[in-house]
Amino acid sequence: MIIVGLSGGIASGKSTVSRILQENQIPLIDLDVLARVVVQKGSPTLNKLVKEFGPTILNQDKSLNRAELGRLAFSSKDRTRALNKITHSAIRRALVWRLLQLWFTGTRRVVVDTPLLIEAGLYKWCAEIIIVRCDESQQLKRMLLRDQEKGLTEADAKSRLAAQMPLSKKVSYADVVIENGVDANESSPPRLRAQVGALVSRWRHESRRTSFIVLWLLSWLVPPFGLLYGLVVIYLRTRRQKRRNNSKQA
């Protein structure tokens, strides 16, 4: 099974790309959805968050108050790291279980959609990495347009942007860059659809190749081969990124 990583920054348009992929019947795992599952009321992960950030992150019904958690967690890089440390392991376990389910059903390609693909090191497991890019002023505009009614201030938005890896740095990990420099009010821009459509067409063409079918069958029917293939992907991805980083520093 080919794992494709999809990432971007806050309000970069990643969710729109994700939706278009699903409209094209591409299997997709949204880690934001898994992140909501692992912090459900009474979960061990939620209890750890309360211990770290305090009881103010809970609503009256003991469910998670996401706005308050975000305000506290993105107030500094140390607090953001604390949030990631607590949630990442739980999300990884949920991701592995979902990948195993798809593998058992014979899925040939799956997209893993996560804003922290690079930061969490998940990119190493991906045969292909897609980054959705726009400039920071567009991110800020979209965040305020989307979340002002939820109490998000411009200062809050800027602190969240500052807490994340810049998109300019994430692009250095990309095999495919999808440009999303469109107006914040445009929910399904034609240019974005065209880029995603071209990507899906390429995938479908690749899936019909004999070499792809043989590789998929071996990985599916012979699990040790699939594991070996995964280790090769990790090695090649790590080596490729090291070369990119070295060439950038030179």
Side-chain angles (χ1 to χ4, degrees), residues 3-15 17-19 22 27-102 110-126 129-132 139 142-143 146-147 150-152 156-167 169-170 173 230 234 237:
I3 300 176
V4 178
L6 170 65
S7 192
I10 300 175
S12 64
K14 178 179 63 63
S15 295
V17 171
S18 178
R19 187 181 73 245
Q22 289 176 299
L28 185 139
I29 303 173
D30 187 340
L31 262 63
D32 282 342
V33 173
L34 294 186
R36 288 193 288 271
V37 171
V38 301
V39 295
Q40 288 179 333
K41 186 165 60 175
S43 68
T45 304
L46 182 56
N47 292 336
K48 291 177 183 178
L49 289 173
V50 172
K51 186 176 180 180
E52 175 68 31
F53 294 99
T56 60
I57 68 168
L58 294 179
N59 295 311
Q60 288 187 349
D61 65 353
K62 302 301 181 182
S63 62
L64 177 63
N65 183 327
R66 297 181 182 281
E68 179 63 15
L69 176 62
R71 188 169 289 109
L72 293 172
F74 294 111
S75 62
S76 71
K77 291 186 177 181
D78 286 341
R79 304 223 80 184
T80 303
R81 280 194 289 268
L83 171 68
N84 292 339
K85 183 178 179 180
I86 292 169
T87 57
H88 282 180
S89 59
I91 295 170
R92 283 196 189 101
R93 287 194 296 271
L95 171 61
V96 169
W97 175 241
R98 183 64 184 131
L99 287 172
L100 285 172
Q101 288 176 316
L102 290 171
V110 60
V111 175
V112 175
D113 173 358
T114 171
L116 298 177
L117 182 75
I118 311 303
E119 295 93 321
L122 295 174
Y123 73 93
K124 296 175 184 177
W125 293 87
C126 299
I129 294 173
I130 304 165
I131 300 295
V132 184
Q139 287 180 274
R142 292 169 185 167
M143 288 174 70
R146 183 186 66 190
D147 295 334
K150 299 177 183 178
L152 183 76
D156 291 335
K158 288 181 177 178
S159 69
R160 293 190 183 192
L161 284 174
Q164 285 201 339
M165 179 185 290
L167 276 173
K169 188 172 182 180
K170 287 188 178 184
Y173 290 79
I234 293 172
R237 171 64 61 188

**Student:** Would you indicate whether the side-chain heavy atoms of N84 and E119 approach each other to under 4.5 Å?
**Tutor:** no
**Student:** Short question: side chain of S159, backbone of S75 - any donor-acceptor pair under 3.5 Å?
**Tutor:** no
**Student:** With a 4.5 Å limit on heavy-atom distance, are the side chains of R142 and Q139 in contact?
**Tutor:** no
**Student:** Roughly how far, to the nearest 0.5 Å, is the CD1 atom of I234 from the OH atom of Y123?
**Tutor:** 11.0 Å
**Student:** What heavy-atom pair brings G42 and L46 nearest, and what distance separates the two atoms?
**Tutor:** N-CD2, 4.0 Å
**Student:** For K62 and K41, work out which heavy atoms get closest and say how close.
**Tutor:** O-CG, 3.5 Å
**Student:** With rounding to the nearest 0.5 angstrom, report the CZ to CZ distance, R79 to F53.
**Tutor:** 5.0 Å
**Student:** With rounding to the nearest 0.5 angstrom, report the NE2 to OG1 distance, H88 to T45.
**Tutor:** 12.0 Å
**Student:** What closest approach, in Å, do G13 and V132 show between heavy atoms, and which atom pair accounts for it?
**Tutor:** C-CG1, 4.0 Å
**Student:** To the nearest 0.5 angstrom, please state how far the OG1 atom of T56 sits from the CG atom of L69.
**Tutor:** 9.0 Å
**Student:** Does the side-chain contact (heavy atoms from CB on, under 4.5 Å) test come out yes or no for M143 and L161, once each step is laid out?
**Tutor:** CA-CA 10 Å; M143 288 174 70; L161 284 174; 4.0 Å; yes
**Student:** Shortest non-hydrogen contact from N59 to L64?
**Tutor:** ND2-O, 3.2 Å
**Student:** Assess the residue pair D61 and S63 against the criterion (side-chain hydrogen bond (donor to acceptor under 3.5 Å, both in side chains)); give the C-alpha distance rounded to whole Å, side-chain angles, the decisive distance to 0.1 Å, and a yes or no.
**Tutor:** CA-CA 6 Å; D61 65 353; S63 62; 2.5 Å; yes
**Student:** Out of L6, L34, D30, L31, which residue meets the side chain to side chain contact (heavy atoms under 4.5 Å, CB included) rule with V112?
**Tutor:** L31
**Student:** Can you tell me how far the CZ atom of R92 sits from the CH2 atom of W125, to the nearest 0.5 Å?
**Tutor:** 10.5 Å
**Student:** If I compare all heavy atoms of S7 with all of T114, which pair ends up nearest, and what's the gap?
**Tutor:** OG-O, 2.9 Å
**Student:** When rounded to the nearest 0.5 angstrom, what is the spacing between OG in S89 and CZ in R93?
**Tutor:** 4.5 Å
**Student:** Is there a side-chain contact between K48 and T87, using heavy atoms and a 4.5 Å cut-off?
**Tutor:** no
**Student:** Which heavy-atom pair separates L117 from C126 by the least distance, and what is that distance?
**Tutor:** CD1-SG, 4.0 Å
